[in-house]
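See below for the structure under consideration.
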Amino acid sequence: MRLFVASVLVAGTAFAPASGYAQWTNAKIPGEQHRTVQACAAEARNPGDWVCILVRCDQPGSPPSLYFSTPGADIRDTIKLVIDDETFAISVPASSKSSLALSTRAEGITSDLIEAMKAGQALSIDGTDLKPPYNRISLQSSRQAIERIERTCARWHPNAASILRRITRGVGLY
């Protein structure tokens with residue numbers, strides 16, 4: 001299973017544009033395409049390596065979450081994301097449980113970080129054993145991809161009580 005998920009994660013980087021950077025796309029993880037987008041570093045140290053960043057809507061009504069995916073435990077503890085000339089410190093706890101396969105969830109994500117990701121040109125992951133160019137991810141087309149996930153998180157998801165209220169008042173569901 002681990003090999004399968006790894007192969008679909010990396011599949012998105014196989015068709016990188018001529019600029020050498022992978023575009024932001026729907027997640028390559030089965031079942032995540034509607035709520036997760038990803039971009040991966042265009043270069044890897046060894047065949048089979050990858051470094052991807054994923055933006056995911058974990059729960060409707062909450063801001064998007066940020067995940068990192070690597071074949072090993074390269075991205076842990078307190079790290080820095082450098083977006084163009086801005087630096088953001090975040091925490092990536094060592095956790096064996098993640099709702100996203102082969103990934104770790106970052107903590108301390110701010111709206112300023114998300115905005116910088118949407119407006120920036122490139123993101124570098126500092127404070128890990130990843131060194132340039134293996135720690136760099138293009139932010140080309142990130143705005144459209146991340147805003148789609150933000151809209152997914154903001155959508156109204158009816159619960160049973162709200163559906164019943166609307167039906168008893170004779171109001172349609174949507």
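These figures come from a predicted structure and were not determined experimentally.
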For residues 53-65, dump all side-chain donor-acceptor pairs below 3.5 Å to protein atoms at least two apart in sequence or in another chain.
residue : atom : partner : partner atom : Å
Arg56   : NE   : Glu32   : OE1          : 2.8
Arg56   : NH1  : Asp58   : OD1          : 2.7
Arg56   : NH1  : Ser99   : OG           : 2.9
Arg56   : NH2  : Glu32   : OE2          : 3.1
Asp58   : OD1  : Tyr67   : OH           : 2.9
Asp58   : OD2  : Ser65   : OG           : 2.5
Asp58   : OD2  : Tyr67   : OH           : 3.1
Asp58   : OD2  : Arg105  : NE           : 3.0
Asp58   : OD2  : Arg105  : NH2          : 3.4
Ser62   : OG   : Gln59   : O            : 2.6
Ser65   : OG   : Arg105  : NE           : 3.4
Ser65   : OG   : Arg105  : NH2          : 2.8

If Ile, Leu, Val, Met, Phe, Trp and Tyr residues are connected whenever their side-chain heavy atoms lie under 4.5 Å apart, and connections chain through other members, are Tyr134 and Ile83 in the same group? no
Distance-minimising heavy-atom pair for Ser141 and Trp24: OG-N, 3.2 Å
Nearest 0.5 Å, please: how far is CD1 in Ile29 from SG in Cys52? 8.5 Å
Shortest non-hydrogen contact between Thr152 and His34, atoms and distance: OG1-O, 3.8 Å
Tell me, yes or no, whether the heavy-atom count around Gln33 atom CD, taken from other residues, nucleotides or ligands under 6.0 Å, exceeds 12. yes
Can you measure from CD1 (Ile149) to CD (Gln38) and round to the nearest 0.5 angstrom? 11.0 Å
What residues form a side-chain hydrogen bond (donor to acceptor under 3.5 Å, both in side chains) with Glu147, not counting sequence neighbours? Arg143
Do any pairs count as a side-chain hydrogen bond (donor to acceptor under 3.5 Å, both in side chains) and have a residue in residues 82-92, sequence neighbours left out, and if so which ones? none
If we only count heavy atoms from C-beta on, is the Thr36 to Asn26 side-chain gap below 4.5 Å? no
So, Ser142 side chain and Ser138 main chain: donor-acceptor pair closer than 3.5 Å or not? no
CD on Gln23 to CD on Gln144, rounded to 0.5 Å: 9.0 Å
What's the verdict on side chain to side chain contact (heavy atoms under 4.5 Å, CB included) for Asp129 and Arg45, showing C-alpha distance, side-chain angles and the deciding distance? CA-CA 11 Å; Asp129 67 344; Arg45 288 179 276 194; 4.1 Å; yes
Under a plain distance cut-off of 3.5 Å, with no hydrogens placed, do Trp50 and Ser69 share a side-chain donor-acceptor pair? yes
Nearest-0.5 Å distance that lies between atom CG in Leu130 and atom OG1 in Thr70: 7.0 Å
Residues at least two apart in sequence or cross-chain that pass side chain to side chain contact (heavy atoms under 4.5 Å, CB included) with Ala106, listed by chain then number, are Leu66, Phe68, Ile90, Val92, Ile109
Say you draw a straight line from CD1 of Ile137 to CD of Glu43; how long is it, rounded to the nearest 0.5 Å? 12.5 Å
Taken in chain and number order and not counting sequence neighbours, the residues that satisfy side chain to side chain contact (heavy atoms under 4.5 Å, CB included) with Asp126 are Lys80, Val82, Ser124, Asn135
Checking Glu115 now: which residues fulfil side-chain hydrogen bond (donor to acceptor under 3.5 Å, both in side chains) with it, not counting sequence neighbours? Lys118
To the nearest 0.5 angstrom, please state how far the CD1 atom of Ile75 sits from the CD1 atom of Ile125. 4.0 Å
Is there a side-chain contact between Leu123 and Arg136 in this structure, where contact means two heavy atoms from C-beta onward sitting under 4.5 Å apart? no
